[in-house]
S.K.: 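Structure incoming, see below.
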There are 2 protein chains.
Amino acid sequence: MELQKFIETNGTLIQIEKGEQVFAQGELCDYVYLVKTGLLKAFYLTENGKETIKSFVQSGTIIGSLNAAHCHVPSTFSLQAIEACKLIQVPFKALLTLSKESISISQELIQILLSLSLKKERREFELLTLSATQRYENLCSAEPELVKNLTQNDIAKYLGITPVALSRIKNK
Amino acid sequence: MELQKFIETNGTLIQIEKGEQVFAQGELCDYVYLVKTGLLKAFYLTENGKETIKSFVQSGTIIGSLNAAHCHVPSTFSLQAIEACKLIQVPFKALLTLSKESISISQELIQILLSLSLKKERREFELLTLSATQRYENLCSAEPELVKNLTQNDIAKYLGITPVALSRIKNK
DNA sequence: TGTCAGTTTTAACATAGGTTAATGCTCACC
DNA sequence: GGTGAGCATTAACCTATGTTAAAACTGACA
């Protein structure tokens, strides 16, 4: 919570419209964002132009390309608003610096990274062991509200299938 | 490096034979392990008895079910030796406690968690956007030495396909 | 050297999901 | 109320991978 407070007081508020991008794959982005309101998607674009969604980002979440920010390399994914959003932007470096001075901030960062890695582990597990149908059912039961606000196109891209395949799955 | 030193001096050495498990899916495991020598696999077992490999664990790596250790819940995966191994075992809690007292340890933990999340991100990307053939090619070019030491069965389970499918991919 | 267990390959068939394209639906805007 | 853009469904066909089972290979050991 200390961390959240720091971001809110030291960060800058940015507002983005539906469809706009916060940052794009291939760009440097040294910031981390706290989502105040709205909904975003983080997605990859492959060379042949196909989009696959890494995650949906809901309010309350801290998001950023940690990779890009930390190693000063281009981001591997884009972040785009599905609905109009209010975000608070803060340089990732500021957080790291702060964490060097404060044990409690360090601990919070560790907590955040731990829970991030849990989330990714679950996702990895699902991609590795479940069928598209099972992944769809999981998503529906884990995030019923979210699913209602998404297009079938975006749900399909999140599941790693085409919208056509998702339509088929639904009609069973 | 401080962290590694701490583990080496405060941890207990354990040796396990090829085929033995360090911990099993479903068990509590509050430890973290530093791999001194050997090779292991971390894998999931699904209800219908199918095994899928999450990652191969080589010497120098720190491994454990962070999830299980941190939240005191059963591990979601098993850890098994592919070759005889020497590991150093230390309670995850000891690391967390230590990190609360030392900024430099906290920082190291943050680094480890960051690089862990990068690794998982790459894996997620591959599972989501690449075909089995591409994933196999990636693995061969990224870890040629590792691939030589694995059975086709284990490689297939890591790629998320059957050994039969992998054999087909190779003969193209 | 022969045998056996474990691994890999091959083959035949089944199924999930991809691709393309046509059709139908819905809602914002004139 | 009519029109058009974007979204969702359906259908026909294609390809990758799964499943099962048999055959071939490999290496350890009696």
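All chains are named by letter (A, B, ...) in the order of the sequence lines, taking the proteins before the strands, and each is independently numbered beginning at 1.
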S.K.: Minimum heavy-atom separation for A/Ser106 and B/Ile103, please, with both atom names.
M.R.: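 Nearest heavy atoms, A/Ser106 then B/Ile103: OG-CD1, 4.4 Å.
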
S.K.: For residues 154-172 of chain B, which residues have at least one heavy atom under 4.0 Å from DNA chain D?
M.R.: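 The stretch gives B/Gly160, B/Ile161, B/Thr162, B/Val164, B/Ala165, B/Arg168 as the residues lying under 4.0 Å from the strand, ordered by number.
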
S.K.: Would you say the side-chain atoms of B/Glu27 and B/Ser75 include a donor-acceptor pair closer than 3.5 Å?
M.R.: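 Short answer, no.
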
S.K.: Whole angstrom is fine here: how far is it from CG in A/Leu128 over to P in D/dG18?
M.R.: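 Value for this atom pair: 11 Å.
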
S.K.: Do we see a donor-acceptor contact under 3.5 Å between the side chains of B/Ser99 and A/Gln107?
M.R.: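 Result is yes, a qualifying pair exists.
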
S.K.: Quick one: is the NZ or CZ of A/Arg135 closer than 6.0 Å to the six-membered ring centre of A/Tyr158, and within 45° of its axis?
M.R.: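 Not flagged: A/Arg135 not positioned over aromatic ring of A/Tyr158.
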
S.K.: Hey, is the side chain of B/Gln152 poking within less than 4.0 Å of OP1 or OP2 on C/dG6, counting only N and O atoms?
M.R.: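 Indeed not, no polar side-chain atom of B/Gln152 lies that close.
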
S.K.: Ring centroids only, cut at 6.0 angstrom: are A/Phe77 and A/Phe23 within range, meaning strictly under it?
M.R.: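 Yes, ring centres under 6.0 Å apart.
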
S.K.: How many Å lie between CG on A/Asn153 and P on C/dT19, as a whole number?
M.R.: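 Going from A/Asn153 (CG) to C/dT19 (P), I get 13 Å.
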
S.K.: Rounded to whole Å, please give me the gap between CG in B/Leu130 and C1' in D/dA16.
M.R.: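 One finds 15 Å between C1' of D/dA16 and CG of B/Leu130, rounded.
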
S.K.: Separation of B/Lys148 atom NZ from C/dT8 atom P, in whole Å?
M.R.: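 The distance from NZ of B/Lys148 to P of C/dT8 comes to 16 Å, rounded to the nearest Å.
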
S.K.: Quick one: A/Leu127 CG to C/dG17 P, roughly how many Å, whole number?
M.R.: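 Whole-Å distance recorded here is 13 Å.
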
S.K.: Is the NZ or CZ atom of A/Lys54 positioned over A/Phe43's six-membered ring, under 6.0 angstrom from the centre and within 45° of the axis?
M.R.: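 That pair does not qualify as a cation-pi contact.
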
